[in-house]
Protein chains: 2
Amino acid sequence: MTKPPAAPESRLASTEVETHVEAFQKSRDDRRTELMEDYVELIADLIEHAGEARQTDIAQRLGVTQPTVAKMLKRLAEENLITQRPYRGVFLTDEGHRLAMATRRRHQVVEAVLCRLGVDPDTARNDAEGIEHHVSEKTLEAFERFLKA
Amino acid sequence: MTKPPAAPESRLASTEVETHVEAFQKSRDDRRTELMEDYVELIADLIEHAGEARQTDIAQRLGVTQPTVAKMLKRLAEENLITQRPYRGVFLTDEGHRLAMATRRRHQVVEAVLCRLGVDPDTARNDAEGIEHHVSEKTLEAFERFLKA
DNA sequence: CATTATTTATAGGCGAGGCTAAATATCAAT
DNA sequence: ATTGATATTTAGCCTCGCCTATAAATAATG
Ligand SMILES: [Mn+2]
Ligand SMILES: [Mn+2]
Ligand SMILES: [Mn+2]
Ligand SMILES: [Mn+2]
């Protein structure tokens, strides 16, 4: 559209535009859930390794301030991913736990793939922390097949 | 910190925390530049394939409204990535062009790697649109080695 | 050249995600 | 039990990225 269908590139334009916009929309969508995934994954880790997940611990690990964490935890509670007992730490709901485990799996698989491709462990961990949120189920399965081979 | 150094896991805790926080900070940092990268890459594509990049075209491709694009273009101009000539479209500065080419390279390499690993083309394109922004130079080089092998 | 269509600009609003500062509440220790 | 340290809550404030509605400018057309 925008210009009449006479221009040479316009013939394929409409489908091209649709596939393009789909990718960008998925990307924006992923961005909205990235933080929630990092939180539940971190909370699961803290509970397993430290026995509890308090706001200050979470803040320290994420590198943000504690009031920032407090506000986000409210959102996570509203979304039924966690419950809170003041001064007793944060706990995952069943739904939160499922999301945490799914995120952890993706994180591990992505990191392992990077390592297998010769990336050094530090870089692999750092890059995986961002990449993990954009890996679809299909891509994840392809990664797992690659690791098994 | 937080607890005395007596707890069993605390011995490694301090370095663990630092590496963890580094990954999250990189992830947040990448998120800040994601959008700018998508814009300049798209603008380069539009100029090459359509001869010009107007606000309405950009909006249509990204799947957002035109005022959203107008506002973002102001930011990109402030950051010296683009220049604008009203009703004549958007143009990349040298800096913007360099960023666009770097982003395009990453996009193509990531998409190619996914395809090589057996991901179908549509999924590869969609996932690459998000993953590309979190791939460091080291990982990119590993990807390129993998593709050559 | 006057009218219409398209493009761009502007105003105002909303939620997410970050911050600092200050008030509360709990915990720990003397 | 009092005091001091630590943890949590709350209150503003900011920027970014999205939106709708509208106005203004330009382009295209009869
Ligand atoms: Mn992450
Ligand atoms: Mn992770
Ligand atoms: Mn992208
Ligand atoms: Mn891209």
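Letters A, B, ... mirror the listed sequences (proteins, then strands); counts begin at 1. This one's a predicted model, so the numbers in the text were calculated from it and none came from an experiment.
- The B:Lys71 side chain lies nearest to D:dC19 when the options are D:dC19, C:dT10, D:dA7.
- Once rounded to the nearest 0.5 Å, the distance linking OG of A:Ser136 with CZ of A:Arg106 reads 9.5 Å.
- Side-chain proximity of A:Arg28 to the nucleotides D:dC18, C:dT8, D:dG12 is greatest for D:dC18.
- In this model, no donor atom of one side chain and acceptor atom of the other lie less than 3.5 Å apart for A:Thr123 and A:Asn126.
- A:Gln55 has a side-chain polar atom (N or O) that falls below the 4.0 Å cut-off from OP1 or OP2 of D:dT9.
- If you find the closest nucleotide of DNA chain D to A:Arg31 and to B:Gln66, the one lying nearer the 5' end belongs to A:Arg31.
- DNA chain C is contacted by both A:Val64 and A:Pro86; A:Val64 maps to the nucleotide lying nearer its 5′ end (nearest heavy atom per residue).
- Rounded to whole Å, atom P of C:dG18 lies 8 Å from atom CG of A:Leu62.
- Between A:Asp30 atom CG and C:dA16 atom C1' there is a gap of 16 Å when expressed in whole angstrom units.
- Donor-acceptor pairing under 3.5 Å, judged by distance alone, is absent between the side chain of A:Tyr87 and the base of D:dT8.
- In this structure, A:Asp38 atom CG and C:dG18 atom C1' are separated by 15 Å, rounded to whole Å.
- What separates CD of B:Gln60 from C1' of C:dT8 is a distance of 16 Å, to the nearest Å.
- Rounded to whole angstrom, the span from the CD atom of A:Gln84 across to the C1' atom of D:dA7 amounts to 12 Å.
- By the 4.5 Å side-chain criterion applied to Ile, Leu, Val, Met, Phe, Trp and Tyr, A:Met36 is assigned to a cluster that also includes A:Leu35, A:Tyr39, A:Val40, A:Leu42, A:Ile43, A:Leu46, A:Ile47, A:Ile58, A:Leu62, A:Val64, A:Val69, A:Met72, A:Leu73, A:Leu76, A:Leu81, A:Ile82, A:Val90, A:Leu92, A:Leu99, B:Phe24.
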Legend entry - Audit row: A:His133, A:Glu129, side chain to side chain contact (heavy atoms under 4.5 Å, CB included) steps and yes/no: CA-CA 8 Å; A:His133 310 284; A:Glu129 197 56 71; 4.2 Å; yes
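- Of the N and O atoms on the side chains of B:Thr139 and A:Asp127, at least one donor lies less than 3.5 Å from an acceptor on the other residue.
- Heavy-atom nearest nucleotides on DNA chain C were determined for A:Thr68 and for A:Arg88, and the one closer to the 5' end corresponds to A:Thr68.
- Each of C:dT8, C:dT20, C:dT10 was ranked by its minimum atom distance to the side chain of B:Pro67; first place goes to C:dT10.
- If you take CG of B:Asp57 and C1' of C:dT6, they are 12 Å apart, rounded to a whole angstrom.
- As rounded to whole Å, 11 Å separates atom P of C:dC27 from atom CZ of A:Arg54.
- Note: CG (A:Leu73) to P (D:dT10) measures 13 Å, nearest angstrom.
- For C:dT10, the OP1/OP2 oxygens have a side-chain nitrogen or oxygen of B:Lys74 closer than 4.0 Å.
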